[in-house]
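Reviewing the structure listed below.
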Amino acid sequence: LREIALKTADLIKRSGKTLALTGAGISTESGIPDYRSKGTGLWEKYDPMSKASLSALISDPVEFYNFNLPRWIKYANAEPNTAHRVLAKMEEKNFIRGVITQNIDGLHIKAGSRNVWEVHGHLRTCRCMGCNHKYDFSEAVRQFEDGIVPPKCKTCGGILRPDVVLFEDPMSSDYYRALEALEGCELLIVVGSSLQVYPVADMPYLARQMVIINKEPTTFDSRAAVTAHCKAGEFFEELASILKI
Ligand code: NAD
Ligand code: APR
C-alpha cells in the first residue's frame, strides 16, 4: 500500500491539475452502505429504478418517501471519515483542485472541501413538484416525522421532491460545471466508485491519467496508472503521511 501511495504522491507532484472523483464507497467507513458492493450494496437488494427513480416518486410517493427518507436522514447525521478529511487537506495544500462527487451525503463539504461538484445533487434543499417553491430539506424531514407522507408544499399543496438527481432525472447543473473543471485535468483520483453509472462513468476519459482507489476491481482498472484495491481510509492514511499533511 505504501508503494502505491508513494507512486500516487509522485503523480500528484508532477500533475499540473489534479481532481478527485468519488462515489458511495468513500462514505461506507462513515457508516453509509454503498449501492453495488457484493452482499451489502443497496441495489443488491432493491431495484434502483423501482425505488430511486422519478417514475417511482410520481407513481407511489408514499412508498418512495418511506423507502428513501430514513436512509437520507442517516446520511445527514453521518460524519466525514479519514478519506474525506485528507482530500479536504490536499485541496487546502493545493495538491488537488477539488472533488467531483456522486454522493448526496454532503460529507466532503462537512470535511472542509471547498470546491465540491455534487453531480447527483444533495440533501440540503427540496422543491415543490407543482409550483417549484424551494424549501430547506429539514421541512420534508419534519413533515415526515409528523407522519405527513409525502411532504407537501405549504403554498400549493403539491408534493415536495429532494434536489437529488434521481434515475430518469436530467443531470444537475453541477455535472456540467464538473465537466468544465475537468478541462486540462492531468490526474484524476477516483475513490470508491464502481464507475457503472452514466454519464459519470464517462468522466475518467477526460483526464490524462487516473489513479483508482476502490475495494473491488472496476472496468477502468486497466486504464489507470495506479490501482489500489483497498479501503479508502487506509490508503489516505498512507498518502497523508507521505504528503506530510
Ligand atoms: P441511468 O439510466 O444512467 O442508469 C440506470 C442504471 O443503469 C444505473 O444504475 C447503471 O448501473 C445502469 N447503466 C446505465 N447506463 C449504463 C451503461 N451504458 N452501461 C452499464 N450500465 C449502465 O440512470 P438515469 O436514469 O440516467 O439517472 C441519471 C443519474 O441519476 C444517474 O447518473 C444516476 O447515477 C443518478 N442517480 C442518483 C441517485 C441519487 O440518489 N442521487 C439515485 C439514482 C440515480
Ligand atoms: N474503500 C474503497 N472502496 C470502497 C469502500 C471503501 N471503504 N467501500 C466500498 N467501496 C467500493 C465498492 O467496492 C464499490 O465498487 O466503492 C464502490 C461503490 O460503488 P457503487 O456502490 O456503485 O457506488 P457509486 O459508484 O457511487 O454509484 C453511482 O449510482 O445509484 C446511483 O446515484 C447513485 O451516485 C450513485 C451512483
Side-chain angles (χ1 to χ4, degrees), residues 1 4-5 8 20-57 64 67-68 71-72 74-75 78-87 99-108 111 116-123 161-172 174-175 178 188-204 210-224 226-240:
L1 189 61
I4 293 172
T8 303
L21 169 63
T22 68
I26 200 170
S27 295
T28 55
E29 292 167 71
S30 293
I32 300 178
D34 66 15
Y35 296 98
R36 294 174 188 83
S37 265
K38 298 268 165 300
T40 54
L42 187 66
W43 303 146
E44 295 264 305
K45 304 185 197 83
Y46 302 98
D47 164 22
M49 301 316 270
S50 69
K51 297 292 184 188
S53 65
L54 186 57
S55 33
L57 169 56
F64 178 90
F67 178 81
N68 288 297
R71 173 163 67 89
W72 288 338
K74 249 182 68 187
Y75 292 7
E79 287 303 318
N81 60 54
T82 306
H84 295 107
R85 282 196 296 274
V86 171
L87 280 173
V99 181
I100 298 168
T101 186
Q102 299 171 83
N103 299 339
I104 58 175
D105 54 31
L107 293 182
H108 285 296
V116 181
W117 293 270
E118 297 173 309
V119 297
H120 287 166
H122 55 78
L123 288 171
R161 65 150 291 169
D163 286 323
V164 297
V165 177
L166 299 172
F167 287 106
E168 296 151 359
D169 266 340
M171 287 309 274
S172 61
D174 255 23
Y175 168 72
L188 186 67
I189 303 172
V190 181
V191 190
S193 179
S194 63
L195 294 174
Q196 282 178 46
V197 181
Y198 291 77
V200 174
D202 277 327
M203 287 182 140
M210 201 175 15
V211 168
I212 298 180
I213 311 303
N214 203 61
K215 250 190 342 192
E216 290 160 3
T218 75
T219 49
F220 283 80
D221 286 5
S222 55
R223 288 176 48 87
V226 169
T227 310
H229 295 148
C230 64
K231 289 172 73 171
E234 289 162 9
F235 175 81
F236 280 97
E237 200 93 53
E238 277 295 339
L239 186 62

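Atoms within a ligand are numbered from 1 in the order they appear, just like the ligands themselves.
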**Prompt:** Which of these, S194, S30, A24, has its nearest heavy atom closest to atom 19 (O) of ligand 2?
**Reply:** S194
**Item:** Closest to atom 27 (O) of ligand 2 among E44, E29, K215, R36 (heavy-atom distance)
**Value:**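 Of the listed residues, R36 has the closest heavy atom.
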Any non-hydrogen atom of [X] lying under 4.0 Å from ligand 2?
X: F235; value: no
X: Q196; value: no
X: G192; value: yes
X: G233; value: no
X: G41; value: no

**Request:** Kindly give the heavy-atom pair with the smallest separation between Y175 and V119, and that separation in Å.
**Result:**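 Of all heavy-atom pairs spanning Y175 and V119, the closest is CA-CG1, 3.6 Å.
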[X]: numbered ligand 2 atoms lying under 4.0 Å from its heavy atoms:
X: C230; result: 1 (N), 2 (C)
X: S37; result: 9 (C), 12 (C), 13 (O)
X: F167; result: 30 (O), 31 (C)

**Request:** Fit a plane to each ring of W43 and F67, take the angle between them on a 0 to 90° scale, and name the class: parallel (under 30°), tilted (30 to 60°) or perpendicular (over 60°).
**Result:** parallel
Indicate yes or no for a side-chain donor-acceptor contact from [X] to the backbone of [Y] under 3.5 Å, with no hydrogens or angles considered.
X: S53; Y: A56; answer: yes
X: E216; Y: K38; answer: yes
X: N81; Y: A83; answer: yes

Could you tell me whether [X] approaches ligand 2 through its side chain, its backbone, both or neither, with non-hydrogen atoms closer than 4.0 Å?
X: Q102; value: both
X: N214; value: both
X: P48; value: neither

**Item:** Those residues that, when tested against R161, pass salt bridge (charged side-chain N to carboxylate O under 4.0 Å, His left out) (two or more places apart)
**Value:**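 Listed in chain order: D169.
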Output yes when the distance from some N or O of ligand 2 to some N or O of [X] is under 3.5 Å, and no in every other case.
X: I213; result: no
X: N103; result: no
X: G23; result: no

**Request:** To the nearest 0.5 Å, tell me how far H108 NE2 sits from H122 NE2.
**Result:** 15.0 Å
**Asked** Between OG of S55 and CD of E168, what distance do you get to the nearest 0.5 Å?
**Response**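 Reported to 0.5 Å precision, the distance equals 3.0 Å.
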**Request:** Flag yes if more than 12 heavy atoms outside K231 fall under 6.0 Å of its NZ atom; otherwise flag no.
**Result:**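 No, not enclosed.
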**Message:** Between T227 and D221, do the side chains contain a donor N or O and an acceptor N or O under 3.5 Å apart?
**Reply:**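 Per modelled atom types, D221 and T227 side chains form no pair under 3.5 Å.
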